[in-house]
Amino acid sequence: MKNYRIGIFGLGTVATGVTKILKEQSHIYAEKFAVSFEIVQVVVHNLDKKRDPKTSGLTISDDPKTILDNPDIDIVIELVGGKTAAKTIIEKSLKAKKHVITANKDLIASQGRKLSRLASENHVGLFYEAAVAGGIPILRALSTSLASDDIEQINGIINGTSNFILSQMRQKQMSYHDALTLAQEKGFAEADPTNDVDGIDAAYKLQILADFAFGKQISQKDIQMGGIRTITQTDLQDVAELGYEIKLLANATIIANKLALSVEPTLVPKDHPLASVQNENNAVFVTGKYAGGLMFYGPGAGEFPTANSVVADLLSLVNSGDRPAVFNSHPDSEVSLAGPKDRIASRYIVLTVTNRPGAMHKLSAFFLMSNINFRNIRQYDPIGETTRVVIITYPASDAQLNPVKTTIKQARGVKIIHEFKLLIEPKGGQRD
């Protein structure tokens, strides 16, 4: 029996879940893996904060040195979040020859490769399955089971807050504001929901997924981003009648050997598995050249789902031998990022048009000049002096659509309210 001594930074929801799992499952780990785990020290920011009674037996301090300078601690679990303090904790731990497990998506998205190199140089492990999609083992699947495949596309509902809001709006005909308030009351949304509803949280996770699936290190500026704040009941009813659901979708797709990246409201066909993902649940749909379409589904946050991913990393670490394998072993890719000409999709476009003769003909001419055809067009009854118009186009590139949008902005009597893409599905053979 080998005993591993652990130091934990943070004692919030996830860290508390980790301590409970390690205690409750200790006999199973001993029987299955011949290992035991001892939580030697916990470091928190505020010693006076009220905590779960089940953590009462832990040794708690507010001094990071009690972990970082303790030679008896083998493994550090970082669960404080943020970038600055967490980066210091992880770097110092790795340099002290301590293995590290973290759920810090913000930090890993920008510094993951640098920290992985530091771990490798010091012959220790760095694992972060819990940084993406909570309890769903998507990173481990990409780094092991799917490592032999040629990934063509990843589509993910990887922010539970935004999915909960859209689900409540759709199921209970709630407004965005009311659904957000409910999410906050249930603890799914922060007081400031910006990161969730504007796609920032999902973009961090997409950065990590793109590195695992495509060997491409990207920044947020490489991702087309949009949020859900402006979606209304009218939009949800429109798309439902057209056979779709609106989801805040993280997308990474290889199109003609180039990688297109986005986090934005997307129309998903009702018969696609992602359309059925409701409330705070997450799902990642991976399309491989050989495996085809695979969906990974489950809770994307919470005490035990995320804590379970942390413990899964812990078990992978202790069973990986004297020198842990690099968690993300995908080789660097030469794939380039898609530009405006490469990003091709059908579009759902909502406009208001002044209710006067010739207005619709003028609108059609704007799209015709860029050779964009309509697959579906609906003109609703006028409200006051304007008419709501909903268009679904045939596939067109951003390069085609951008001049149209510019022209409409300069035109009188026409205004674009929304422009969302429809889910792009791989046709096979998109990469050489």
Side-chain angles (χ1 to χ4, degrees), residues 3-26 29 35-112 114-116 118-119 122 124-131 134 190 204 301-318 324 327:
N3 182 54
Y4 290 90
R5 295 162 297 278
I6 298 172
I8 301 178
F9 282 92
L11 196 53
T13 300
V14 175
T16 299
V18 170
T19 66
K20 292 177 182 178
I21 292 174
L22 291 179
K23 183 177 180 179
E24 293 172 8
Q25 300 294 104
S26 60
Y29 302 150
V35 297
S36 64
F37 299 107
E38 177 188 356
I39 300 174
V40 174
Q41 181 72 56
V42 177
V43 169
V44 299
H45 177 67
N46 181 7
L47 288 172
D48 298 324
K49 183 178 179 180
K50 186 177 180 181
R51 307 192 185 280
D52 191 305
K54 291 187 178 181
T55 66
S56 60
L58 298 172
T59 302
I60 302 176
S61 168
D62 59 359
D63 182 2
K65 291 182 179 179
T66 58
I67 291 178
L68 298 175
D69 294 348
N70 187 340
D72 293 331
I73 290 177
D74 309 303
I75 300 169
V76 171
I77 299 177
E78 181 277 307
L79 296 171
V80 296
K83 291 183 180 180
T84 306
K87 182 172 182 285
T88 300
I89 288 167
I90 293 175
E91 286 180 337
K92 288 185 175 181
S93 298
L94 295 174
K95 289 176 181 177
K97 312 295 184 184
K98 302 180 190 297
H99 306 291
V100 174
I101 296 168
T102 179
N104 195 322
K105 59 183 176 294
D106 305 33
L107 180 61
I108 294 299
S110 59
Q111 301 289 326
K114 179 181 176 182
L115 294 172
S116 292
L118 183 60
N122 287 280
V124 290
L126 173 66
F127 291 79
Y128 43 91
E129 176 65 74
E190 302 289 341
Y204 282 131
E303 179 181 17
F304 287 116
T306 307
N308 187 64
S309 286
V310 171
V311 176
D313 275 346
L314 190 59
L315 292 171
S316 293
L317 173 63
V318 301
F327 187 34

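Heads up: numbering here begins at 1 and tracks the sequence. Note that these values count all heavy atoms, side chains included, but never hydrogens, waters or copies made by symmetry.
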With a cut-off of 6.0 Å (strictly less than), are more than 12 heavy atoms of other residues, nucleotides or ligands near [atom1] of [X]?
X     : atom1 : answer
Glu38 : CD    : yes
Lys97 : NZ    : yes
Lys20 : NZ    : yes

Shortest non-hydrogen contact between [X] and [Y], atoms and distance:
X      : Y      : result
Ala109 : Tyr204 : CB-O, 3.5 Å
Val42  : Gly10  : CG1-O, 3.9 Å
Ala307 : Val18  : CB-N, 3.5 Å
Ala15  : Ile8   : CB-CG2, 4.1 Å
Gly112 : Leu126 : O-CD2, 4.5 Å

Are side-chain heavy atoms of [X] and [Y] found at a separation under 4.5 Å?
X     : Y      : result
Asn46 : Asp62  : no
Asp52 : Thr19  : no
Gln41 : Asn70  : no
Val43 : Ile89  : no
Phe37 : Val311 : no
Ile90 : Tyr128 : no
Leu58 : Leu11  : yes
Thr16 : Lys54  : no

Quick check against the 3.5 Å criterion: does [X] have a side-chain atom that pairs as donor or acceptor with the backbone of [Y]?
X      : Y      : result
Asn122 : Val124 : no
Arg5   : Val40  : no
Ser93  : Lys98  : no

Distance check, rounded to the nearest 0.5 Å: [X] atom [atom1] versus [Y] atom [atom2]?
X      : Y      : atom1 : atom2 : answer
Thr66  : Leu68  : OG1   : CG    : 8.0 Å
His99  : Ile6   : NE2   : CD1   : 11.0 Å
Gln111 : Asn104 : CD    : CG    : 10.5 Å
Thr55  : Lys23  : OG1   : NZ    : 10.0 Å
Ser116 : Ile108 : OG    : CD1   : 6.5 Å

Between Lys87 and Glu91, is the closest basic N to carboxylate O distance under 4.0 Å?
yes
Ignoring hydrogens and angles, write down the donor-acceptor pairs under 3.5 Å from the side chains of residues 75-84, residues two or more places apart or on other chains.
{"unit_1": "Glu78", "atom_1": "OE1", "unit_2": "Thr102", "atom_2": "OG1", "d": "2.5"}
{"unit_1": "Glu78", "atom_1": "OE2", "unit_2": "Val80", "atom_2": "N", "d": "2.9"}
{"unit_1": "Glu78", "atom_1": "OE2", "unit_2": "Gly81", "atom_2": "N", "d": "3.1"}

